[in-house]
Protein chains: 2
Amino acid sequence: MDPLKAKYNYREHLQPFAVFNEDEWALFCTYMEFVSLKKKEYFIEAGKVCNHFGFINKGSVRYFHMANDGTDITGYFSFENEFMSSYKSFVKREPANNYIQALEDTELILISYKSMQEMLACEKLGHKMERFGRLIAEYYLCCYDDRITAFITQSPEERYIKLLESGRDILRRMPQHYIANFLGITPVSLSRIRRRILV
Amino acid sequence: MDPLKAKYNYREHLQPFAVFNEDEWALFCTYMEFVSLKKKEYFIEAGKVCNHFGFINKGSVRYFHMANDGTDITGYFSFENEFMSSYKSFVKREPANNYIQALEDTELILISYKSMQEMLACEKLGHKMERFGRLIAEYYLCCYDDRITAFITQSPEERYIKLLESGRDILRRMPQHYIANFLGITPVSLSRIRRRILV
DNA sequence: TGTATTTCTTATCTTAAGATAACGTTTTCT
DNA sequence: AGAAAACGTTATCTTAAGATAAGAAATACA
């Protein structure tokens, strides 16, 4: 990973949430950690407290839950230039109930919880970081809202069609059995829906 | 409604999100609007932009979506001492896709979007309000996260049992056919689940 | 109080989803 | 290149959910 390019990219994708002047940016940069995950490596595992808030510079990750019988259930995906964390665990400081795993070799820029608290508390960045945190949380709140609305107002088939229409990377880059869980159904069921739609 | 008591109650329930000194509180109070809704009145209707963030001092509300065929689908409930808004619409300044309706005579303390922006921009309250907004959004993000996890990892029956165990007011105070939608199923289906569980 | 409305359950029928297994294909790994 | 693992589809069987209608019980209301 090239930290210089990664930082530049990060700064650009932070724009909607926080715009830093040079001074602030320099300070913000001192809190960054650059981490690479090999395919199948974990960013977080259930039972552990998630200590980092991440930005995906390159690659993709899968969020999943482990059922009692050992099967895993995919909850979400994130791709390059998106943020990533086991939010609830990160925010509440409690053990995560999910795993986040790299689906390909992935480059991350991380901010630790401790760093975040320091920035929130510091004179120079505090106000801006509160706003950053607010805008990020609001952004994801809206995404989650859409997701819940889809679950209560649409059938699995309708949800799949919406996903098709959305043109998101998910369909192109994710195995179908992961997408199935994401839609709240089994892989077999998704395969049947696909067949039905073809007609 | 007694605005004095309502303000006192609001301040108490804001504690986890924002603690104001007397000065700040006095200023914050100048932005409050006190509104009462009669049973079945709407706080927001689909198609309109939600201009207020509310606190329920007394009463309860139901969030619902209107399907194409005119049936309504309940998405959520909020009770006294909880916050309430059509968040996505409020945050993104776009028309709401849902309705929020009073289920009984309800007392609200509202902050308009404009007031919120003024407070966020003001010297005295800005920093604190950013934090307030962040903590509120994070709080609801966690709730939504749980809800989505339930949809992808649990069966309707399991979701109902969890709701039973949670001891939330929903079961005691809401008609069953509203709860059914909330769980992502039809009222008939919930009735069958209840019967099954009784055995 | 009496009527209307809402709410919940039950029954029937239809449709779809879950569980499981088998099979061919593709991908991964060494 | 060859073996192993992962992936997607299909078939069968079972179970549960949706749609619809009817009726009883509870509630609202005028």
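Being a predicted model, the structure only gives us computed values, none of them experimental. Throughout, a chain's letter reflects where its sequence line sits, starting with A, and its residues are numbered from 1.
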*So, is B/R192 near the phosphate of D/dA19, with a side-chain N or O under 4.0 Å from OP1 or OP2?*
no

*Quick one: A/I185 CD1 to C/dA16 P, roughly how many Å, whole number?*
13 Å

*Starting at NZ of B/K38 and ending at C1' of D/dC29, how long is that distance when rounded to a whole Å?*
15 Å

_Check the phosphate of D/dT9 against A/R196, side-chain N and O only, distance under 4.0 Å to OP1 or OP2. Yes or no?_
no

*asked:* Looking at C/dT6, I'd like to know if its phosphate oxygens (OP1 or OP2) sit under 4.0 Å from a side-chain N or O belonging to B/H177.
replied: no

*Just how far, in rounded Å, is P of C/dG18 from CG of A/L190?*
11 Å

*Look at all strands and tell whether B/S191 reaches a base, only sugar-phosphate, or nothing, counting heavy atoms closer than 4.0 Å.*
base

*Can you figure out which of D/dA17, D/dG8, C/dT7 approaches the side chain of B/P175 most closely?*
C/dT7

*Let me know the distance between CG of A/L171 and P of D/dG8, rounded to the nearest Å.*
12 Å

*What is the distance from CD of B/Q154 to C1' of C/dA17, rounded to the nearest Å?*
18 Å

_Short side-chain donor-acceptor distance under 3.5 Å, B/Y144 and A/R147_ = no

*Is A/S189 near enough to C/dG18 that one of its side-chain N or O atoms lies under 4.0 angstrom from OP1 or OP2?*
yes

*Separation between OG of A/S78 and CG of A/L108, rounded to the nearest 0.5 Å*: 10.5 Å

*Name the nucleic acid region contacted by A/P187, choosing base, sugar-phosphate or nothing; use a 4.0 angstrom heavy-atom cut-off, strictly under.*
nothing

*Are OP1 or OP2 of C/dT9 and a side-chain N or O of B/Q176 less than 4.0 angstrom apart?*
yes

*Between D/dC7 atom C1' and A/D72 atom CG, what is the distance in whole Å?*
14 Å

*Kindly determine whether B/F83 and B/F17 satisfy ring-ring contact (aromatic ring centres under 6.0 Å, His included), including the steps that lead there.*
CA-CA 11 Å; B/F83 302 99; B/F17 307 99; 5.4 Å; yes

*Interatomic distance, B/M174 CE vs C/dC8 P [rounded to whole Å]*: 12 Å

*Among D/dC7, C/dA11, C/dA19, which nucleotide sits nearest the side chain of A/T186?*
C/dA19

*Atom-pair distance (CD1 on B/I193; P on C/dT10), nearest Å*: 14 Å

*asked:* Between A/S155 and B/K40, which residue's closest nucleotide on DNA chain C lies nearer the 5′ terminus?
replied: B/K40

*Quick one: is the NZ or CZ of A/R62 closer than 6.0 Å to the six-membered ring centre of A/Y178, and within 45° of its axis?*
yes

_Any B/Y87 side-chain heavy atom under 4.5 Å of B/F53 side chain_ = yes

